[in-house]
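Data block below; observations after.
In what follows, every heavy atom counts, from backbone to side chain, and hydrogens, waters and symmetry copies are set aside. Protein chains get the first letters and strands the later ones, always in sequence-line order, with residue 1 at the start of each.
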Amino acid sequence: MTLCINGADYPMPNDPRTTLLDHMREKLNLTGTKKGCDHGQCGACTVLVDGKRVLSCLQLAQTVRGDVTTIEGLSKNDTLHPMQAAFLEHDAYQCGFCTPGQIMSAVACVSEGHAGSDAEIADWMSGNLCRCAAYPQIRAAIASVAQAEAEG
Amino acid sequence: MQGHRIEGADKVRGLAKYTDDLRFATPPLIALTATSPVARGRVQIDTSAALALPGTRCVIDHTNAPRLKRAILISMCEPGTRMPLQSDQVEYAGQPVAIVVADSLHAARDALAALIVTIENHDAPAVVLSDAENRLKSVRRAGIGPGAMKKGDADAALADASVSAEVNAHAAPHHQNPMEPGAVVARWDPDGGVTVHAAVQWHHLDASMIGQAFGLSWADGMTGLLGRAVLGTSGKSKVRLHNQLSGGAFGRNISYLALLLAPIAAKVAGGPVKLVQSRRDTFSLMSHRSEVKQRLRVGADTDGKLKAIVLEPDIARGNAAFVEPIGEMPMQLYAHDTHRLTTRVAKLDLPGAGWMRGPGVAHAIFALEQAMDDLARQVGKDPLDIRLANYSEKNPANGKSWEAKALLEAYEVGAAKFGWRDRPKGGSVRPDGRVSGFGMASAIDLGRQFPAHATVTMTKDGRVVVSLAVSEMGQGLLTGLTGVVAEMTGVSPDRVEFKREATKEGYAAGSIGSTGTYSNAAAVKTAVEKIIKKLAKAGGLPKSSKLQDGMLVAPNGESAAISDLLSRTGDLTAKGRAGLTFGASKQAKASFGAVFCEMAVDPITLDVEVIRLVGAYDCGRVLQPKIARAQLIGAMIMGMGQALMEETRLDRKRGHWTNAEIGEALVPTQADCPHVEAHFVGDTQGKPGALDFKGIAETAIVGVSPAIASAFADATGGVVHHLPLNHAARLAAVSRAQFSFKEAAE
Amino acid sequence: MSAFDITEGGTPVDGAAWIAGGTTMVDLMKLGATAPSRLFDLGAQRDALSGISETSDTITLGALTTMADAAKHPAIRGLTAVHTALVQAASPQIREMATLGGNLLQRTRCSYFRDTRQPCNKRVPGSGCPAIGGEDGHHAVLGGSAQCIATYPGDFAVVCVALGAEITIRASDGSERKIPVQDLHRRPGATPHTETALQTGDLITAIHLPKGGAQSYIKIRDRASYAFATASAAVVLHMDGAMVTSARIALGGLATVPWRAATAEHVLKGSMIDQKTAFAAGEAALQDAHPTLTNAHRVELGIRAVAKAILSARGNSV
């Protein structure tokens with residue numbers, strides 16, 4: 001059994017207790033995904049599985065069914081993903097610790113069609129805490145990406 | 001792309017490394033901390049089962065931990081009072097009682113689960129002020145603030161005042177809860193020194209703490225620290241503290257226990273150790289903002305002008321010398337004739353309280369502003385007008401003039417941007433059936449300057465290297481300092497490099513109290529000025545020449561290429577120091593602001609929504625508006641959290657924090673975040689050649705909680721003097737008959 | 001976390017457990033609050049046991065349908081209270097992971113249950129309940145016992161009780177039975193560790209939601225999102241013009257189980273809805289509450305939640 005992360009195959013952990021988050025951070029050196037609480041209460045560990053946003057701290061690695069995308073897999077070579085570029089442009093981060101989770105969640109928020117208005121973005125991004133409270137800038141970044149996508 | 005934070009690209013790519021992300025040639029063992037479940041008693045630990053596990057390397061408790069020496073800590077945090085793992089005495093719930101060290105995170109978790117921790121003879125603790133009446137003691141000092149003050153006969157003036165108001169404010173304890181739980185990596189070096197990787201807010205202070213605790217070298221003691229602060233030398237420090245990027249801090253990453261626990265673990269384990277804190281650990285291994293009660297009485301004349309301020313705070317402290325400095329600021333905001341401050345402090349059976357954004361001042365101004373609103377109601381003035389009526393051009397506490405004070409402009413700009421003068425009447429019903437309320441408050445925070453020593457080198461290949469052990473925790477200090485250097489040297493920001501990580505770099509002012517950027521910038525500025533003089537000498541140009549676009553330009557227009565000058569002189573290095581007087585001057589320095597709030601209240605559920613927060617702030621010169629504004633907005637939203645939800649609850653019998661999880665100790669989510677505006681007022685450009693920075697984030701948390709409480713009172717008639725203003729507090733202030741039926745009755 | 005293994009085939013026996021979305025199970029296993037010896041991964045059965053179908057009077061949801069998938073289905077959008085309960089639960093990420101069956105079985109957020117350093121009768125039978133007389137601000141004011149006052153925290157189950165929803169349970173021998181959601185959860189009584197009517201090996205396979213009725217779910221909490229209910233109420237009304245012909249009301253966040261408020265239903269039946277009757281029904285719903293000094297405000301909050309839900313349901317009926 002293997003785990004597909006960012007297009008590459010990795011071995012499954014032997015220990016069934018290993019979460020996807022711990023496996024990536026401790027064994028695969030994929031430390032971009034952060035551990036903010038380890039109990040599904042902050043969103044810092046958000047990754048995509050088959051395009052859906054999930055919390056890697058509550059996902060046992062051996063039960064993952066689908067392809068995982070993390071912050072490290074978002075940009076292609078040196079080109080930032082539009083959401084990463086928008087976060088940079090809108091200063092949508094401060095300490096940066098929640099940022100990988102925010103960006104992964106934001107990518108899903110747009111693809112789900114939940115970025116239609118400021119209020120809708122606020123609602124559908126409420127699973128990602130940001131204690132620096134860069135919230136308005138995060139909303140602006142997501143709105144800009146959603147708008148650019150809408151304009152094709 | 002221009003104007004980004006210099007570490008921004010790494011942050012959005014997931015490449016920025018926080019301590020737990022670091023990888024080493026020799027992977028460290030993993031350590032976890034066992035903590036006491038109850039507040040008082042003597043601990044006994046059965047380690048046999050944990051030690052029998054194959055992955056366990058060692059278990060450390062008070063019986064085998066190295067003996068630590070006392071440390072003198074000007075941060076006043078817990079290790080200055082009690083060092084961890086030194087005795088079997090348990091003095092608070094969540095106290096570290098053992099460390100397990102194992103081969104992996106899983107193995108460490110297993111070892112932790114296998115420890116049997118027994119606390120014997122635990123007697124009843126006191127963890128809330130209402131259970132500690134007999135522990136209250138009057139104090140002359142409350143942390144960095146005064147405990148007792150007297151100007152005139154305030155009690156007589158209060159008794160004689162035409163109008164008076166009394167506020168009995170209470171604020172629950174709460175935690176900073178930055179997003180990074182935090183880890184500390186420690187390794188003992190062959191020469192007896194220790195290498196530590198951690199995120200700290202005040203590099204040399206905490207390096208000194210570690211050195212003192214382990215008795216490493218005089219250079220790491222208090223004398224050495226003071227020497228470093230004055231002379232800027234790194235001395236012969238044996239603590240190699242590598243300061244890592246901090247995933248937020250807000251006052252929490254100062255002199256925390258893990259900075260000692262990790263070296264303890266590494267010493268006993270005999271190899272490098274990474275001590276990982278769980279989120280739950282952070283609630284007791286790190287500090288919190290303590291519980292505060294304030295009885296505040298003010299007296300005024302019939303115009304609402306203050307005659308007397310009598311403030312009597314009762315402040316909880318835990319197992320640290322730190323006391324929330326409530327008395328420091330409230331006498332410095334409004335003109336008044338007399339005042340009295342009488343502070344009592346109770347030591348509770350809690351972890352050491354400590355610094356959190358806006359220490360003292362956030363709570364103190366909450367109480368004062370509630371009293372101002374009450375006065376306004378009594379004399380029939382608008383809340384803004386009563387504040388204008390009590391405006392003081394000078395510092396009312398000591399008569400000193402302010403270095404700069406644009407509070408009147410803040411009121412004016414804030415009110416205009418908000419539409420304060422044209423606001424609907426409080427209590428009016430919105431189209432969706434909710435009820436509107438409006439509130440405002442003033443903000444103030446004292447500016448301080450601390451010593452800093454920067455070493456700056458201009459290299460022949462056109463780089464500027466700054467050696468200064470500063471902290472980057474999201475406040476944008478690196479970007480700000482880079483801007484200062486780039487502006488003064490004419491070098492593009494991407495050619496400015498910081499060597500900031502290790503103790504051997506220059507002594508930096510701590511990132512505390514919103515003072516880090518300007519204290520450190522002053523040192524950098526001095527160093528760059530020295531380099532300019534050296535360049536001028538080499539080029540035969542006057543000392544008043546300036547660097548711009550790769551040239552040294554004299555006032556008369558004569559110029560020389562910097563690269564030519566440097567090829568003659570070689571790399572030029574200069575040391576700059578600043579702040580040795582700790583900012584003592586004839587003038588007082590503070591940031592000022594005014595914040596305005598619009599709220600909607602559901603009359604049936606008493607759900608509140610902060611619709612808008614508009615603030616205007618005089619923070620002096622604004623170097624990077626985007627980053628500075630982000631600081632203001634973030635602090636305003638944190639203020640909203642403090643106002644409405646932030647509270648860490650306690651079990652009064654067992655003494656532990658009951659909601660020690662980030663999903664249970666609520667902080668604002670994206671969905672709570674209102675429309676927030678932050679405007680700059682005052683001299684945002686600064687005087688030519690001067691830095692003129694003032695603090696930013698600490699000021700912006702101040703004023704938000706009173707503005708929100710005022711808006712709630714405006715909407716409902718319910719005056720709440722308790723923080724947080726959650727449903728429990730709202731229900732206590734507003735009866736069904738008073739608000740809900742009346743408003744919804746058609 | 002204690003050692004365990006994961007398997008896909010078979011049915012749990014004593015000490016083992018199903019795992020679906022894992023959002024509750026993995027959380028509690030990390031805390032040490034639960035320690036199954038073996039997990040039976042339902043992932044392989046995801047296709048067979050998820051999806052939504054409807055008849056003229058019932059919507060049937062496979063128990064492994066995620067909360068996110070359920071919330072975006074047009075049929076569910078038509079059930080206002082269900083939709084509200086789903087989208088106001090947890091966070092978007094958790095709703096992508098969590099299944100409806102698992103959500104019904106969500107465990108309490110009682111801090112003493114979650115902190116394994118504290119005694120807890122639910123976690124360690126007979127060890128005591130420090131919540132009683134302790135920090136009980138968020139504990140149950142309804143349905144508690146001398147052994148346990150842990151609050152049932154979920155939203156969806158509360159709406160299911162108000163709707164009169166049923167679940168299909170498949171036993172380890174393959175036989176199936178249907179029970180009302182109202183009969184799924186057990187009050188703690190003297191055995192707080194027994195939380196549901198499920199037997200070892202039982203699996204919830206489907207949830208059946210009756211259609212119809214003017215409905216509303218009101219969730220009161222201390223922040224706008226990503227928080228459990230401090231008090232909540234689900235109301236389903238059948239009206240004849242302006243008059244209530246029948247009502248079903250359930251409370252969340254206030255009781256040890258999703259709480260059916262039958263007394264309040266009687267108050268509404270045959271009456272016209274206005275603010276007074278709405279509050280009267282709220283009063284009736286909480287009349288048996290046993291608050292303490294530190295959680296008494298939640299009785300008033302519960303009354304207000306019921307009143308708001310009734311008034312909203314009436315609003316949703318036109």
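- For a residue to count as touching a neighbouring chain, one of its non-hydrogen atoms must lie under 4.5 Å from one of that chain's; by this rule Glu661(B) touches chain A with backbone and side chain alike.
- Rounding to the nearest 0.5 Å places OG1 of Thr99(A) at 14.5 Å from CZ of Arg13(B).
- Chain B forms the most heavy-atom pairs under 4.5 Å with one residue out of Ser126(A), Gly32(A), Ala134(A), and that residue is Ser126(A).
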Please report the C-alpha distance between Arg5(B) and Tyr93(A) in whole Å, then the side-chain angles of each, then the deciding distance to 0.1 Å, and finally whether the side chain to side chain contact (heavy atoms under 4.5 Å, CB included) criterion is met.
CA-CA 10 Å; Arg5(B) 293 167 197 259; Tyr93(A) 60 94; 3.3 Å; yes
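- Side chain of Tyr18(B) to main chain of Phe97(A): a donor-acceptor pair is present (N/O by atom type, distance under 3.5 Å, no hydrogens or angles).
- When all heavy atoms of Asp110(B) and Arg17(A) are compared, the pair lying nearest together is OD1-NH1, 2.7 Å.
- Closest approach of Asp91(A) to Ile627(B), counting heavy atoms only: OD2-CA, 4.1 Å.
- Counting heavy atoms from C-beta on, the side chains of Pro668(B) and Arg131(A) come closer than 4.5 Å.
- Heavy atoms of Met179(B) lying under 4.5 Å from chain A belong to its backbone as well as its side chain.
- Of the atoms belonging to Pro27(B), not a single heavy atom falls under 4.5 Å from chain A.
- Most heavy-atom pairs under 4.5 Å with chain B, from the set Lys34(A), Lys35(A), His90(A), Glu26(A): that is Lys34(A).
- Considering all non-hydrogen atoms of both residues, Lys626(B) and Leu88(A) come closest at NZ-O, 4.2 Å.
- For the pair Gln94(A) and Met473(B), the minimum side-chain heavy-atom distance is 4.5 Å or more.
- Ion pairing between Asp38(A) and Arg279(B) fails under the 4.0 Å rule for side-chain N and carboxylate O.
- Counting heavy atoms from C-beta on, the side chains of Val12(B) and Ser75(A) never come closer than 4.5 Å.
- When each of Asn128(A), Thr18(A), Ile121(A) is checked for heavy-atom pairs under 4.5 Å with chain B, Thr18(A) comes out on top.
- Arg25(A) contributes a side-chain N or O that, together with a main-chain N or O of Asp20(B), makes up a donor-acceptor pair within less than 3.5 Å.
- Looking at Gln137(A), the atoms closer than 4.5 Å to chain B (heavy atoms on both sides) all sit in the side chain, from C-beta outward.
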